[in-house]
Amino acid sequence: MDNTKHRHRSDWTKRPIFRDPERYSPERFNRISEYHSGRFRHALLGIAGTGIVYGYDVETDEEGCCRVQKGAVYITCGLAIDACGHMLYWPGGWVGLDAIAGHRPEEPGPYTLRVHYAERRWGHDDQCGCDREEAAWVEEGVAFSLEPGCG
C-alpha cells in the first residue's frame with residue numbers, strides 16, 4: 001500500500017461503533033443520528049434530485065374538475081424529494097382547508113397546491129423496547145399549503 005499521506009476530509013468513510021461498556025448522552029446519540037440522516041438526504045439528492053417522484057395527483061371527475069367532498073380534495077398517494085433531501089411521502093387522502101398550513105385562500109381563483117416536509121412528536125408505542133422516559137419519537141410527514149396563481 002502506498003505510504004503517501006493525503007490531506008482531505010473523508011468523513012463519509014467513517015461511522016461510530018458502539019461498545020457495551022460505553023455510555024453516551026442522549027445529545028450525542030441525537031447528533032450521530034442527525035449526522036447520518038443528513039448524509040442519507042445528501043445522497044438521495046445526488047441520486048434522484050428534487051421534485052415529485054410518484055403520484056400527488058389531484059383526483060378529478062369526468063369533466064376534469066377537482067372531485068370535492070365536504071370541502072376537501074383527494075390527493076393520491078405520492079412521493080417527492082424536497083431541496084433538503086427529505087422524502088415527502090403522502091399515503092393519499094382528503095385534504096381540506098382546515099388542513100392547509102399557512103395562509104388560507106381569501107378570494108376565489110386559481111391556486112397552486114404545494115407539499116412541504118413536516119415533523120411532529122409522536123406517541124410512544126414500545127417502538128425500540130425502551131421505557132417511555134428513555135426515548136422520544138418524531139414522525140416525519142408532509143403539510144400542504146396553497147399559493148395564489150398557477151405555479
Side-chain angles (χ1 to χ4, degrees), residues 10-18 20 22-151:
S10 59
D11 290 342
W12 66 271
T13 62
K14 299 177 182 90
R15 64 181 170 81
I17 296 176
F18 301 107
D20 224 4
E22 294 177 288
R23 299 284 184 243
Y24 293 104
S25 68
E27 292 78 17
R28 184 163 184 201
F29 274 121
N30 285 338
R31 263 195 332 269
I32 291 167
S33 175
E34 289 166 6
Y35 171 73
H36 285 283
S37 293
R39 283 177 50 179
F40 173 74
R41 288 192 307 269
H42 186 76
L44 190 59
L45 277 174
I47 293 168
T50 60
I52 294 177
V53 176
Y54 172 81
Y56 280 108
D57 296 319
V58 177
E59 212 169 79
T60 58
D61 60 18
E62 300 80 32
E63 295 159 11
C65 296
C66 293
R67 205 175 95 188
V68 179
Q69 186 177 65
K70 296 181 182 176
V73 295
Y74 191 86
I75 310 295
T76 65
C77 174
L79 176 67
I81 300 169
D82 72 7
C84 296
H86 294 113
M87 287 191 296
L88 309 178
Y89 171 71
W90 170 252
W94 293 95
V95 178
L97 287 179
D98 57 334
I100 296 295
H103 300 290
R104 293 187 180 182
E106 295 178 12
E107 300 176 12
Y111 285 86
T112 301
L113 181 68
R114 298 198 179 274
V115 62
H116 310 272
Y117 172 79
E119 60 182 45
R120 67 178 170 202
R121 291 285 179 153
W122 186 67
H124 180 79
D125 277 341
D126 195 30
Q127 282 293 107
C128 65
C130 305
D131 291 332
R132 180 178 296 274
E133 297 80 33
E134 292 179 7
W137 291 85
V138 173
E139 180 181 16
E140 296 179 326
V142 300
F144 292 96
S145 68
L146 289 172
E147 182 179 297
C150 295

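Residues take their numbers from the sequence shown, with the count starting at 1.
Applying the side chain to side chain contact (heavy atoms under 4.5 Å, CB included) test to E140 and every residue at least two apart in sequence or in another chain returns Y117. Under the rule for a side chain to side chain donor-acceptor pair (under 3.5 Å), Y56 has no partner lying at least two apart in sequence or in another chain. For F40, the ring-ring contact (aromatic ring centres under 6.0 Å, His included) criterion is met by no residue, not counting sequence neighbours. With sequence neighbours left out, the side chain to side chain donor-acceptor pair (under 3.5 Å) criterion links T76 to no other residue. When the side chain to side chain contact (heavy atoms under 4.5 Å, CB included) test is applied to P91, the partners found at least two apart in sequence or on another chain are Y89. Under the side chain to side chain donor-acceptor pair (under 3.5 Å) criterion, H42 pairs with no residue at all, not counting sequence neighbours. With sequence neighbours excluded, no residue forms a side chain to side chain contact (heavy atoms under 4.5 Å, CB included) with T60. Residues satisfying the side chain to side chain donor-acceptor pair (under 3.5 Å) criterion with D82, sequence neighbours excluded, are H86. Applying the side chain to side chain contact (heavy atoms under 4.5 Å, CB included) criterion to F29, with sequence neighbours excluded, gives F18, Y24.
Surrounding CD of Q69 are more than 12 heavy atoms belonging to other residues, nucleotides or ligands, all under 6.0 Å away.
Here the side chains of I75 and L113 are in contact, with some heavy-atom distance below 4.5 Å. Between V142 and F144 there is a side-chain heavy-atom pair separated by less than 4.5 Å.
Within the structure, salt bridge (charged side-chain N to carboxylate O under 4.0 Å, His left out) contacts touching residues 41-61 (residues at least two apart or in different chains) are E59-R67.
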Show your working on side chain to side chain contact (heavy atoms under 4.5 Å, CB included) between L88 and I52 and close with a plain yes or no.
CA-CA 9 Å; L88 309 178; I52 294 177; over 6 Å; no
Donor-acceptor list for residues 44-51 side chains, cut-off 3.5 Å, not counting sequence neighbours:
none

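Smallest separation of non-hydrogen atoms from A101 and A143: CB-CB, 4.3 Å. Here the shortest heavy-atom pairing between T112 and G149 reads OG1-O, 2.8 Å. Taking each heavy atom of L79 and M87 in turn, the nearest pair found is CD1-CB, 4.2 Å.
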